[in-house]
Structure formats: C-alpha cells, structure tokens
Number of protein chains: 2
Amino acid sequence: MRVAVLGGTGSFGRALAARLAAAGQDEIVIGSRDAARARETAAELGSGVTGRANEDAVQGADLVVLAVKADGALDTARAIASALGDTPLLSVATAIEFQRGVGALPDPDARSLAERIQDEVAGPVVAGLHSVAAANLDGEPPDEDALVCGDDPQAKALALDLAARIVAGSALDAGPLAGARTLEGLTALIVNLNRRYKAHTGVRVTGISTTAE
Amino acid sequence: MRVAVLGGTGSFGRALAARLAAAGQDEIVIGSRDAARARETAAELGSGVTGRANEDAVQGADLVVLAVKADGALDTARAIASALGDTPLLSVATAIEFQRGVGALPDPDARSLAERIQDEVAGPVVAGLHSVAAANLDGEPPDEDALVCGDDPQAKALALDLAARIVAGSALDAGPLAGARTLEGLTALIVNLNRRYKAHTGVRVTGISTTAE
C-alpha cells in the first residue's frame, strides 16, 4: 500500500520508514513541514521512498502515519485535515514529560492524543506502535508485538497490516480507540523500564497461540 | 512477609492469595468486609492463611494488597486508613466499563485509581499486577511479567518481591505512580485481546537480559 509517514524526518518516523522500506511491500512517502528536508530523508532511505510537504504527502495515500512530536500532532492534524479527507490515520504520537529524579510521566490529559486528533480529522483514527522504540527498528524486526486500538475495522486492519511488517512478533488488535490512552502511556513505561534496566525494552503479549491469530 | 489481601474473597484476590500460599513464603491474611466469608475463604486455601475483617486484616501486615472491585476501592481505602497507618498498600484494582459491541473501556478518570487511593491513606501506594488475570493464577505461575509503579522505593521493593512470587517471568519496576493510569488501562486491553483472540493473555517485557535485572 501507499503509506505517508508524517514526521518522517524525526527519529521514530524515519526509523519506521526505513523498516517499511526494508520490508519492501509499501510505497513510502516521507512527509514534513519542510518539503526539502522530506526529500533529503527520502533520498537517504533509498529507492521506493519519496519526500513531500505534509499536505502533499497524504495525497493518494492508503494510510497516513502521524509520527510527528506530540506537541505538533494536533496542529499537523488540523493542517492536513482537508487534504486527508477520509483516509485512515495511524497515530503513533505520545506526550511524555520527564521529571528529574522521578522518570517519564504520561500525558496528564484525560483523553488520548489519538482521540483528540480524531476530533480534528474526518478519516478514521487508529492508535498504535507506542511500545515500539525507534532504536529497536534499526536492523532486524524487533522481538516485540505491536498493539493497535481503533473503532473503524477497515482502518484498523490497514494499521495491523503495516504493524505486522515492522516487528518480529504479531500485530494485535487491542480493542476500541478508547484504549489509546493506555497505548500512549506505554511509551512512558517503556522509557522508565529502559532507564531502570539499561535496556531497549518492548512488549510481547503472552498466551496467544499463533494458530488463533 | 505478612500480606493482607483485601478483597481476598473475590476472584482476583482469592487467586492471588492461593498463588502466594502455594509459593509458601508469606503469611497471608484474607480481608473482607464480612469476617465470616474471609475465614471461609482462608479455610479453603489451607494452612498459613487466616481470614479477618478488612480493618483487622491490615493489623501487623508488611504489605496490604487492595484487590477489591474498583467501585469499592476508595471506600475500602477510607475504611482501613486509620488501621493501615503508614503500611504500604499495593493497588491492583482497575475500573473497566464494558460497552456492547465495542469492548472494554478504561476508566475515563484523568487520574488513576491508585493515585486517588493515595489521597485517602498515609501509607505509600504502589500499583501493579494489572496485566495478570485471575484465571492465569490457577496452576503454575503464568508466563508473564508483572509491572509495578510507585513513588516510594521501599514500598515498591516489597510489591516487587511479592509480584516475583506469582509470575514465571520477572517483577519489573516501571517507574513512578503516575504510570498507574497506564497499568490500570492494561486490564481493559488484556480483556479485549482475550476476547479477540480467544486467549488468556498477559504481558512480557522484551529486551531485558536476566543479568541486568
């Protein structure tokens, strides 16, 4: 499918685009506020990857991944809303605050960023990949599952397809979009685990037999 | 250590007490609003387990596990606050709402139940075990890790000790109490995964080498 990765010049967006390019099944468009930077990153990622300004990147995409930093996520959603139309959007953004001596704190907002993004766009929003760290996307697909939450079955199926290509584990449907707050909070937990155990952690769901998936 | 399990006559509390009894390292007191029911459950769980009314169960405990249903968690915390004093409390409670055709939804409150419980008691509150299902505590320790969040290092260490006895995986320190909202939200995700994949799921954190723990 054709995948636009907005924020594709940032650490997670770029790592995601690189992994998808390595998987070789998608046509990838890097989106950025700065079209020149998007083209630059695309050129570094090799053939099959192009770069465009965000509003142009979403044109003709089957799935748009919103991988911009949390503080720019809502603004970017507003800026692309008209070009996006009813194209599905996968939000991987998370607001994290670091408090010295305490650790990473999750977004204090009662509603997830993904749900607030859904308020801004007509296309169905799905949330996912929050427990997959950019550093773990370097090299081979990581020993992790990818969790996805959403209310629209078709949009969720597209996001699960994409997620399955970036982890060695499974892409798993974790329920309605209301669960996005938990997925977004996982990023802070992962950061704290990484600091505590000097590790690059991820999540695996146990108890699911591969035949049942 | 001496562990009081409040809500020890409920499905999770009872399963937790049974597993701790099987591990054989703790003195376990089942707490309930109804002392007779607490004694009944304790008798079923065998030697080393006693049953008392909640306020009596917390007396002399090294760690109190609050395993009552979410809608009674705050009331129970208020009721035992005076008897609890500064004894550490491990909150495993989660508020979940089921919406027909949609799935399990996490607590819409901006703050975790554990943080709200901390408002009611003087002892340090730790949150944990939310991804461990009662059904998975039957039989052998499950192939899962147990995540614990808290601000008080000593209370967290006690909770991690306890958690390590109930899972086959590791008990992991996932950071400050602010992460409790995410832990509590994991229960809804686990429920949705169980329904979707007809499984008894749990969580494993990948990327941590056993030597680093």
Side-chain angles (χ1 to χ4, degrees), chain A residues 97 99 101-112 130-131 133 135-136 142-145 147 149 151 167-170 172-209 212-213, chain B residues 97 99 101-112 130-131 133 135-136 142-145 147 149 151 167-170 172-209 212-213:
Chain A
E97 192 195 316
Q99 201 173 312
V102 174
L105 308 176
D107 191 347
D109 201 289
R111 293 176 76 223
S112 67
H130 300 84
S131 58
N136 289 0
D143 173 27
E144 302 179 30
D145 293 331
L147 299 170
C149 285
D151 293 333
V167 289
S170 303
L172 298 172
D173 175 357
L177 190 63
R181 204 177 74 170
T182 305
L183 294 186
E184 292 173 11
L186 278 179
T187 308
L189 291 195
I190 292 284
V191 167
N192 289 326
L193 289 165
N194 289 349
R195 286 165 56 129
R196 172 69 184 78
Y197 298 100
K198 298 180 176 51
H200 295 289
T201 62
V203 167
R204 274 271 200 182
V205 174
T206 63
I208 299 180
S209 67
E213 275 166 37
Chain B
E97 192 194 318
Q99 201 172 313
V102 173
L105 308 176
D107 191 348
D109 201 290
R111 294 177 74 226
S112 67
H130 301 82
S131 58
N136 289 0
D143 173 27
E144 304 179 28
D145 292 332
L147 299 170
C149 285
D151 294 333
V167 290
S170 303
L172 298 171
D173 176 356
L177 191 63
R181 205 177 72 170
T182 304
L183 294 187
E184 293 173 10
L186 278 179
T187 308
L189 291 194
I190 292 284
V191 167
N192 288 326
L193 289 165
N194 288 350
R195 286 165 57 129
R196 172 69 183 77
Y197 299 100
K198 297 178 178 53
H200 295 289
T201 62
V203 166
R204 273 273 200 182
V205 173
T206 63
I208 299 180
S209 68
E213 276 167 36

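Residue numbers begin at 1 in each chain, while the letters A, B, ... track the order of the sequences.
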Exercise. State the CG-CZ distance between A/D173 and B/R195, to the nearest 0.5 angstrom.
Key: 11.0 Å
Self-check item: Pairing residues for B/S131 by the side-chain contact (heavy atoms from CB on, under 4.5 Å) criterion, not counting sequence neighbours
Solution: B/L186, B/I190, B/V203
Exercise. Flag the one option from B/L189, B/V191, B/L183 with the top tally of heavy-atom pairs under 4.5 Å to chain A.
Key: B/L189
Quiz item: Going from CZ on B/R196 to CG on A/L172, what distance comes out if it is rounded to the nearest 0.5 angstrom?
Solution: 9.0 Å
Quiz item: Does any non-hydrogen side-chain atom of A/N192 lie less than 4.5 Å from one of B/C149?
Solution: no
Exercise. Could you tell me which of A/G179, A/P108, A/A174 has the largest number of non-hydrogen atom pairs under 4.5 Å with chain B?
Key: A/A174
Quiz item: What residues, two or more places apart in sequence or in another chain, satisfy side-chain contact (heavy atoms from CB on, under 4.5 Å) together with B/R111?
Solution: B/D109, B/E115, B/R116, B/D119
Quiz item: What part of B/L147 lies closer than 4.5 angstrom to a heavy atom of chain A: side chain, backbone, both or neither?
Solution: side chain
Quiz item: In terms of heavy-atom pairs under 4.5 Å, which option from B/G175, B/G185, B/A104 contacts chain A the most?
Solution: B/G185
Quiz prompt | Value rounded to 0.5 Å, distance of CG in A/L105 from CZ in B/R181 | solution = 11.0 Å
Exercise. Flag the one option from A/G169, A/G103, A/A110 with the top tally of heavy-atom pairs under 4.5 Å to chain B.
Key: A/A110
Exercise. Give the minimum heavy-atom separation between B/G207 and A/A199, together with the two atoms involved.
Key: O-CB, 3.4 Å
Quiz item: Do you know which of A/P106, A/A188, A/P176, A/P142 has the most heavy-atom pairs with chain B at a distance under 4.5 angstrom?
Solution: A/P176
Quiz item: Hey, what do you get for CG (B/D143) to OG1 (A/T206), rounding to the nearest 0.5 Å?
Solution: 5.0 Å
